[in-house]
*Asks:* 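Supplied in structure tokens, the structure appears directly below.
When a ligand or atom number is given, it counts from 1 through the structure's own listing order.
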Amino acid sequence: MESPGETTKVSENILAIAGQFNHQGKIVQIKPFGNGNINDTFLVDLDLNGQGQTSFILQRINHQVFKNPAAVMGNMVWVTTHIKQKLQRYPLGRPWSMPEVILTKNNQDHWDSGTGQFWRAISFIEGSESFDILTSPRQAQEVGTALGIFHQLLSDLPPAKLVDTLPGFHHTPGYLQQYHQALASSQRAVGEFNREIAHCRAVVEEWTPVVEVLEQAKVKRLLPLRLMHGDPKVNNILFDRQSGQAVSVIDLDTTKPGLIHYDLGDCLRSGCNLLGEETENWSAVEFDLDLCQGILQGYLPQCRHFLTAADYDYFFPAIALISFELGLRFFTDYLNGDHYFKVKYPPHNLIRALVQFQLATRIKSQESSIRQMIEEISG
Ligand code: ADP
Ligand code: GN1
Ligand code: MG
């Protein structure tokens with residue numbers, strides 16, 4: 001969550017950047033916010049001329065990752081407008097919010113610094129909080145429900161409306177190729193963490209035969225392309241502080257045509273790891289079946305009307321594969337010298353990889369229980 005200790009690191013010109021946007025009131029405070037691995041996120045607090053306070057979110061879009069920030073914003077406007085209009089026509093019967101894009105004073109959906117930095121402002125979902133680790137089956141059920149609502153709300157937006165903002169994202173065979181390239185040229189392939197690296201390499205060898213499973217199902221048209229979120233890990237789901245209900249799914253940068261299987265898998269891998277993906281105690285990582293049941297009980301009933309028999313068959317492989325895939329991405333980034341994910345200490349990405357590989361192994365070892373759960377809840 002927010003890290004007040006880091007407030008002093010905010011550069012002085014952040015105030016000028018926040019001032020580029022068409023916000024209400026007077027800026028009283030700007031502080032780093034959230035635990036995202038990609039963008040730089042700030043919470044900007046505003047005083048409404050003595051009539052109370054409000055806030056907005058200011059973000060620097062990571063343009064090393066998203067090469068076309070304008071397309072990211074175009075997608076965000078499409079998705080948020082579509083959902084807003086749909087909710088007006090068909091109210092959900094429970095509170096739901098989407099962040100709104102706040103335009104610049106020149107009516108642009110992002111601000112280009114002219115020096116290679118791209119910033120956006122979005123409304124803060126008032127009274128909300130996000131969690132890096134889930135602690136109860138009720139929270140888990142809310143997470144599953146939120147993902148189901150998100151999929152349902154986007155199910156009638158033609159996928160082709162959205163631009164692919166991150167080509168290759170969730171293409172596991174492509175990540176495997178990148179891994180082999182990194183391994184061949186890395187300064188870090190041998191050295192201080194030899195044992196951990198050898199362990200990761202062995203895991204990659206073991207999982208190599210299954211990396212094609214979802215892509216093949218896509219190519220064979222067993223699974224349709226739908227709009228997926230791409231990154232619905234638990235801290236991208238906002239909860240209302242008072243009611244404990246999930247009220248929004250945020251971080252829409254990777255929403256594009258794809259397999260919703262990756263989304264359910266990502267939700268489960270991030271939601272059912274009680275130690276969280278940032279733990280250093282990687283060998284103790286488990287996949288919690290009670291939380292898994294909660295997420296599935298929230299998700300599957302929301303989407304029952306559009307899921308096919310093949311969809312159900314591929315949920316288990318997706319849960320296992322997405323954990324392996326993320327481990328592979330962290331490991332490759334470690335080998336490459338940490339260019340993609342933000343790191344807080346030198347072997348951070350290596351430890352993160354070990355966590356995800358352990359999780360993938362634990363998921364695989366509980367295959368029959370997880371498959372049975374999917375069958376029972378959907379049946
Ligand atoms: P990243 O791509 O770096 O993960 P996010 O868009 O997920 O960036 O934002 C990082 C964190 O900031 C989120 O996990 C959430 O805690 C918080 N956050 C982002 N947008 C909002 C919003 N509109 N309202 C409330 N909190 C938000
Ligand atoms: C990144 O941006 P954030 O922190 O929500 C990453 C996801 C990973 C996640 C792992 C665009 O998500 O794919 O699953 O880290 N997002 C991108 O924590 O690569
Ligand atoms: Mg995020």
*Asks:* Does K233 pair with D251 as a salt bridge, N-O distance under 4.0 Å?
*Replies:*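 No, this pair does not count.
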*Asks:* For atom CD of E192, is the number of surrounding heavy atoms from other residues, nucleotides or ligands below 6.0 Å larger than 12?
*Replies:* no
*Asks:* Could you tell me the residue and atom name of the protein heavy atom closest to atom 19 (O) of ligand 2, and the distance to it rounded to 0.1 Å?
*Replies:*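 Heavy-atom neighbour on the protein nearest atom 19 (O) of ligand 2: Y340 OH, 2.5 Å.
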*Asks:* What protein heavy atom lies closest to atom 9 (C) of ligand 2? Include the residue and the distance to one decimal.
*Replies:*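 Sorting protein heavy atoms by distance from atom 9 (C) of ligand 2 puts K233 NZ, 3.8 Å first.
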*Asks:* Quick check on salt bridge (charged side-chain N to carboxylate O under 4.0 Å, His left out): which of D253, D109, D112 does R120 satisfy it with?
*Replies:* D253
*Asks:* Numbering the atoms of ligand 1 from 1, which are under 4.0 Å from a heavy atom of S128?
*Replies:*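 Once the distances to S128 are compared, the set is 25 (C).
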*Asks:* Answer with side chain, backbone, both or neither: which part of Y262 has a heavy atom less than 4.0 angstrom from an atom of ligand 2?
*Replies:*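 Within the 4.0 Å criterion, Y262 makes no contact with ligand 2.
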*Asks:* Ignoring angles and geometry beyond distance, decide whether R120 reaches within less than 3.5 Å of ligand 1 through its nitrogen or oxygen atoms.
*Replies:*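 Min N/O separation from ligand 1 is not below 3.5 Å for R120.
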*Asks:* Do you know the tightest heavy-atom contact between I61 and P69?
*Replies:*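 Heavy atoms only, the tightest pair is CD1-CB, 4.1 Å.
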*Asks:* Quick one, I295 with C272, criterion side-chain contact (heavy atoms from CB on, under 4.5 Å). Give me CA distance, side-chain angles, the key distance, then yes/no.
*Replies:* CA-CA 9 Å; I295 292 180; C272 305; 4.1 Å; yes
*Asks:* So is S123 in contact with ligand 1, going by heavy-atom distances below 4.0 Å?
*Replies:* yes
*Asks:* Please compare D251, V72, V234 and report which has the shortest non-hydrogen distance to atom 5 (O) of ligand 2.
*Replies:* D251
*Asks:* Just need the protein heavy atom nearest to atom 13 (O) of ligand 2, so name the residue and atom and give the distance.
*Replies:*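 Checked against all protein heavy atoms, atom 13 (O) of ligand 2 sits closest to R329 NH1, 2.9 Å.
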*Asks:* For F169, counting its heavy atoms only, list the atoms of ligand 2 lying under 4.0 Å from any of them.
*Replies:*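 Every atom of ligand 2 under 4.0 Å from some heavy atom of F169: 13 (O), 17 (C), 19 (O).
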*Asks:* In a check of side chain to side chain contact (heavy atoms under 4.5 Å, CB included) between F331 and each of L350, L326, L354, V203, which one passes?
*Replies:* L350
*Asks:* Taking the basic N atoms (NZ, or NE/NH1/NH2) and the acidic carboxylate oxygens, is any pair closer than 4.0 Å for K84 and E100?
*Replies:* yes
*Asks:* Would E129 count as a contact residue for ligand 1, given that I'm defining contact as a non-hydrogen atom of the residue lying under 4.0 Å from a ligand atom?
*Replies:*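 Distance cut 4.0 Å: E129 fails for ligand 1.
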*Asks:* Quick one: look at N39 and ligand 1, take heavy-atom pairs under 4.0 Å, and tell me if it's side chain, backbone, both or neither.
*Replies:* both
*Asks:* Applying the side-chain hydrogen bond (donor to acceptor under 3.5 Å, both in side chains) criterion to D40, which one of R60, Q117, Q59 satisfies it?
*Replies:* R60
*Asks:* Pull out every atom of ligand 1 sitting under 4.0 Å from any heavy atom of T41, numbered as shown with elements.
*Replies:* 8 (O), 9 (O), 10 (C), 12 (O)
*Asks:* Tell me the contacting part of D231 for ligand 1: side chain, backbone, both, or neither, using a 4.0 Å heavy-atom threshold, strictly below.
*Replies:*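 Neither part.
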*Asks:* Can you tell me which portion of N236 lies within the under-4.0 Å heavy-atom range of ligand 1? Options are side chain, backbone, both, or neither.
*Replies:*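 For N236, only side-chain atoms sit under 4.0 Å from ligand 1.
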*Asks:* Is it possible for you to say whether I57 and V247 belong to one hydrophobic cluster, with membership spreading through side-chain heavy-atom contacts below 4.5 Å?
*Replies:* no
*Asks:* So V143 and C267, do their side chains get closer than 4.5 Å, heavy atoms only?
*Replies:* yes
*Asks:* Which pair of heavy atoms, one from S97 and one from I125, lies closest together, and at what distance?
*Replies:*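 Nearest heavy atoms, S97 then I125: CB-CD1, 3.7 Å.
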*Asks:* Quick one: side-chain hydrogen bond (donor to acceptor under 3.5 Å, both in side chains) pairs with a partner in residues 140-158, sequence neighbours left out?
*Replies:*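 Qualifying pairs, neighbours excluded: H82-D156, K86-D156, R94-E142, H151-D263, H151-Y299, Q152-Q302.
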*Asks:* To which protein heavy atom is atom 18 (O) of ligand 2 closest, and what is the distance rounded to 0.1 Å?
*Replies:*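 Result: E277 OE2, 2.3 Å.
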*Asks:* So do the side chains of I370 and F315 get within less than 4.5 Å of each other, counting heavy atoms only?
*Replies:* no
*Asks:* Counting each atom of ligand 2 from 1 as listed, which ones have a heavy atom of F66 under 4.0 Å away?
*Replies:* 11 (C)
*Asks:* Testing the basics here: between L227 and P257, what is the closest heavy-atom pair and its distance to 0.1 Å?
*Replies:*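 Result for this residue pair: CD2-N, 3.6 Å.
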*Asks:* Can a salt bridge be assigned to the pair K26 and D47 using a cut-off of 4.0 Å between side-chain N and carboxylate O?
*Replies:*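 Between D47 and K26 there is no salt bridge, as every charged N stays at least 4.0 Å from the carboxylate O atoms.
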*Asks:* Tell me which protein heavy atom sits closest to atom 4 (O) of ligand 2, plus the residue, atom name and distance to 0.1 Å.
*Replies:* N37 N, 2.7 Å
*Asks:* Within 45° of the axis and under 6.0 Å from the centre of the six-membered ring of Y334, does NZ or CZ of R188 qualify?
*Replies:*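 Cation-pi check for R188 and Y334: passes.
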*Asks:* Output the list of atoms in ligand 1 that are nearer than 4.0 Å to some heavy atom of I38, sorted by atom number.
*Replies:* 3 (O)
*Asks:* Salt-bridged, K364 to E206, with N to O below 4.0 Å?
*Replies:*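 Judged by the 4.0 Å cut-off on N to carboxylate O distance, K364 and E206 do form a salt bridge.
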*Asks:* Are the side chains of W119 and F21 in contact, using a 4.5 Å heavy-atom criterion?
*Replies:*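 Side-chain contact under 4.5 Å: yes.
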*Asks:* If you count the atoms of ligand 2 from 1 in the order shown, which ones are under 4.0 Å from a heavy atom of F341?
*Replies:*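 In order of number, 6 (C), 15 (O).
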*Asks:* Nearest to atom 16 (O) of ligand 1 by heavy atom, G127, G34, S130, S97: which?
*Replies:* S130
*Asks:* What is the minimum heavy-atom distance between L307 and I260, and which atoms define it?
*Replies:* CD2-CD1, 3.8 Å
*Asks:* Measure across I102 and I122 and return the closest heavy-atom pair with its distance rounded to 0.1 Å.
*Replies:* CD1-C, 3.7 Å
*Asks:* Which protein non-hydrogen atom lies closest to atom 7 (C) of ligand 2, naming both residue and atom, and how far is it?
*Replies:* D231 OD1, 3.5 Å
*Asks:* Could you find the nearest protein heavy atom to atom 8 (C) of ligand 2 and give me its residue, atom name and distance?
*Replies:* L326 CD1, 3.8 Å
*Asks:* Under a 4.0 Å heavy-atom limit, does N39 contact ligand 2 with its side chain, its backbone, both, or neither?
*Replies:* neither
*Asks:* State the atoms of ligand 2, each with its element, that fall below the 4.0 Å cut-off from a heavy-atom position in N236.
*Replies:*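 Counting atoms of ligand 2 from 1, those under 4.0 Å from N236 are 5 (O).
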*Asks:* Could you tell me, atom by atom, which parts of ligand 2 come under 4.0 Å of a heavy atom of G36?
*Replies:* 4 (O)
*Asks:* Hey, which atoms in ligand 1 end up nearer than 4.0 Å to a heavy atom of I250?
*Replies:*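 In order of numbering, the contacting atoms are 13 (C), 15 (C), 18 (N), 19 (C), 20 (N), 21 (C), 27 (C).
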*Asks:* Output, by chain and residue number, all protein N/O/S atoms separated from the Mg ion (ligand 3) by less than 2.8 Å.
*Replies:*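 Under 2.8 Å from the Mg ion (ligand 3) - ignoring waters, which are not counted - the protein N, O or S atoms are N236 OD1, D251 OD2.
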*Asks:* Where on N35 is there a heavy atom closer than 4.0 Å to ligand 2, on the side chain, on the backbone, on both, or on neither?
*Replies:*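 It is neither part, as no heavy atom is under 4.0 Å.
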*Asks:* Does ligand 2 have a heavy atom under 4.0 Å from the side chain of R269, from its backbone, from both, or from neither?
*Replies:* side chain
*Asks:* Please work out, at 4.0 Å between heavy atoms, whether the side chain, the backbone, both, or neither of T254 comes within that distance of ligand 2.
*Replies:*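 The answer is the side chain of T254.
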*Asks:* With atoms numbered from 1 as shown, which atoms in ligand 1 lie under 4.0 angstrom from a non-hydrogen atom of F33?
*Replies:* 12 (O), 17 (C), 26 (N)
*Asks:* Checking a contact table here: which protein heavy atom is nearest atom 2 (O) of ligand 2, and how many Å away?
*Replies:* I38 CG1, 3.3 Å
*Asks:* How close do P137 and L291 get, heavy atom to heavy atom, and via which atoms?
*Replies:* N-CD2, 3.7 Å
